[in-house]
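Quick notes on the structure that follows.
Owing to the predicted nature of the structure, the values given are computational and were not obtained by experimental measurement.
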Amino acid sequence: MKRLKSLLIATVLFLGTIQTINAQAKTAHVDVNELISKMPAMLDAQKQLEKLSATYDTDYKTMAEEYQNKIKKYDQEASTVTDVVNQTRQTEVQDLVKRITDYRENAQKELQKKESDMVKPLMDKVKAAIQKVGKSKGYQYVLNAADLLLTDGPDLTADVKKELGF
C-alpha cells in the first residue's frame with residue numbers, strides 16, 4: 001500500500017514535470033520599430049509623405065493669408081460701405097473659414113490614408129520575414145520587443161534585417 005502511494009506520487013510528479021517542459025515554448029523577440037524605421041522603402045515613403053504634407057501646408061498657408069487679407073480689408077472698409085455689403089462680406093468670410101477648415105480636415109484624412117496605403121505592404125513584408133526567420137530557427141513565438149518589459153531572450157532583429165535585404 002505504501003509502495004502504491006509512493007508510485008502514485010512519483011507518477012503525478014513526473015507527469016507534472018513533463019507538462020511543465022511542454023508548456024515552455026521557444027520564444028524570441030524582434031524590434032519591429034527598428035526594422036520599420038530603417039527599411040529603405042519606409043524611408044522613401046516618409047520622404048513622399050513629407051513632400052505631400054509640405055504641399056498641403058503651403059496651400060493651407062495661402063488660404064490663411066487670403067483670409068487675413070480679406071479680414072483686414074473688410075475691417076478697414078466696414079464703415080464706408082452699406083450694411084448689405086458688410087453682411088455679404090461676413091457671409092463670404094464665413095464661407096472662406098469653412099473652406100479652410102474643410103481643406104485642412106481633408107488634407108489630414110488624405111495624408112493618413114496615403115500613409116496607411118504605404119505602410120501596410122511594408123508591415124506585411126516585415127511580418128512575413130519575421131515568421132520565416134522564426135520558423136527556420138525553430139521558435140514557436142516571436143514577440144515585439146517594444147511590448148516587452150524584459151527582453152532577455154534571443155533577439156532576431158539582425159536575422160530579420162538580413163531576410164529583408166538591409
Side-chain angles (χ1 to χ4, degrees), residues 25 27-137 139-166:
T27 61
H29 65 274
V30 64
D31 191 344
V32 176
N33 294 336
E34 180 182 342
L35 291 171
I36 291 292
S37 67
K38 294 185 178 175
M39 280 181 77
M42 179 55 94
L43 298 174
D44 291 341
Q46 286 176 336
K47 287 177 186 175
Q48 289 178 21
L49 289 170
E50 287 171 3
K51 186 177 178 181
L52 183 60
S53 180
T55 301
Y56 287 140
D57 286 344
T58 301
D59 292 345
Y60 178 77
K61 287 177 184 176
T62 301
M63 293 171 82
E65 286 176 16
E66 178 187 352
Y67 169 78
Q68 291 294 331
N69 291 336
K70 282 190 180 198
I71 291 292
K72 187 176 180 181
K73 178 183 175 188
Y74 292 169
D75 282 346
Q76 290 173 350
E77 297 174 354
S79 60
T80 61
V81 295
T82 66
D83 287 341
V84 174
V85 172
N86 280 333
Q87 285 179 339
T88 304
R89 288 179 172 181
Q90 185 178 9
T91 303
E92 183 181 328
V93 168
Q94 289 172 348
D95 289 345
L96 183 56
V97 168
K98 183 175 178 355
R99 202 172 88 222
I100 291 170
T101 304
D102 290 346
Y103 178 81
R104 185 173 186 182
E105 289 174 5
N106 288 335
Q108 287 175 344
K109 286 178 186 175
E110 286 179 33
L111 273 174
Q112 288 172 348
K113 184 180 181 330
K114 182 79 169 174
E115 181 179 18
S116 175
D117 291 347
M118 295 173 111
V119 170
K120 186 179 179 337
L122 299 176
M123 287 300 294
D124 291 344
K125 188 175 180 180
V126 167
K127 184 178 177 183
I130 291 170
Q131 288 174 343
K132 184 175 180 182
V133 168
K135 284 182 181 179
S136 72
K137 295 206 176 255
Y139 291 103
Q140 293 168 316
Y141 300 99
V142 179
L143 306 170
N144 185 2
D147 297 332
L148 301 174
L149 298 174
L150 177 65
T151 55
D152 201 19
D155 184 359
L156 300 180
T157 304
D159 297 321
V160 175
K161 281 183 182 178
K162 286 179 189 173
E163 179 65 31
L164 290 169
F166 69 97

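The number of heavy atoms from other shown groups lying within 6.0 Å of NZ (K70) is above 12. Within a 6.0 Å radius of OH in Y56, more than 12 heavy atoms belonging to other residues, nucleotides or ligands are found. Around the CG atom of D102, the shell of radius 6.0 Å holds more than 12 heavy atoms that belong to other residues, nucleotides or ligands. Open room surrounds OH on Y141; 12 or fewer heavy atoms of other groups in view lie less than 6.0 Å from it.
Checking Y74 against E92 by side-chain atom types alone, a donor-acceptor pair falls below 3.5 Å.
Between E115 and K120 there is no salt bridge, since none of the side-chain N atoms of the basic residue sits less than 4.0 Å from a carboxylate O of the acidic one. Taking the charged nitrogens against the carboxylate oxygens, D57 and K61 have no contact shorter than 4.0 Å, which rules out a salt bridge.
Between the side chain of N144 and the backbone N or O of D147 there is no donor-acceptor pair closer than 3.5 Å. At distances below 3.5 Å, not a single donor-acceptor pair connects side-chain atoms of S116 with backbone N or O atoms of Q112. Side-chain N or O atoms of S53 include none that pairs as donor or acceptor with a backbone N or O of L49 at under 3.5 Å. A distance-only check finds no donor-acceptor pair linking the side chain of T27 to the backbone of V142 [under 3.5 Å]. With hydrogens and angles ignored, the 3.5 Å screen pairs no side-chain donor or acceptor of H29 with any backbone N or O of L148.
Checked options M42, K125, E163, K161; the residue passing with L35 is K161 (criterion: side-chain contact (heavy atoms from CB on, under 4.5 Å)). Looking at I130, V126, V133 one by one, the single match for side-chain contact (heavy atoms from CB on, under 4.5 Å) with L164 turns out to be V126.
A distance of 6.5 Å separates CG in L96 from CE in M63, rounded to the nearest 0.5 Å. Atoms CG and NZ, on D159 and K137 in that order, are 4.0 Å from each other to the nearest 0.5 Å. Between atom OH of residue Y60 and atom CD of residue Q108 there is a gap of 9.0 Å, rounded to the nearest 0.5 Å. Note that CG of N106 is 6.0 Å distant from CD of E110, once rounded to the nearest 0.5 Å. Here the NZ-CZ distance, from K38 to F166, works out to 8.5 Å after rounding to the nearest 0.5 Å. Taking CD of E105 as the reference point, atom CD1 of I100 lies at 12.5 Å (rounded to 0.5 Å).
Heavy-atom minimum distance, A41 versus L122: CB-CD2, 3.4 Å. Of all heavy-atom pairs between Y103 and T55, the closest is OH-O, 4.4 Å. Of all non-hydrogen atoms in V160 and A129, the two that sit nearest each other are CG1-CB, 3.9 Å. The nearest pair of heavy atoms linking A146 to N33 is CB-ND2, 3.6 Å.
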### Task
Could you go through the salt bridge (Lys or Arg N to Asp or Glu O under 4.0 Å) check for K113 and D117 one step at a time?
CA-CA 6 Å; K113 184 180 181 330; D117 291 347; 3.0 Å; yes

### Task
Check the pair R89, V81 against side chain to side chain contact (heavy atoms under 4.5 Å, CB included), reporting the backbone distance first and the verdict last.
CA-CA 10 Å; R89 288 179 172 181; V81 295; 4.2 Å; yes

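In this structure, the side chains of D95 and T91 come closer than 4.5 Å at one or more pairs of heavy atoms. You'll find the side chain of V32 reaches within 4.5 Å of the side chain of M123, heavy atoms only.
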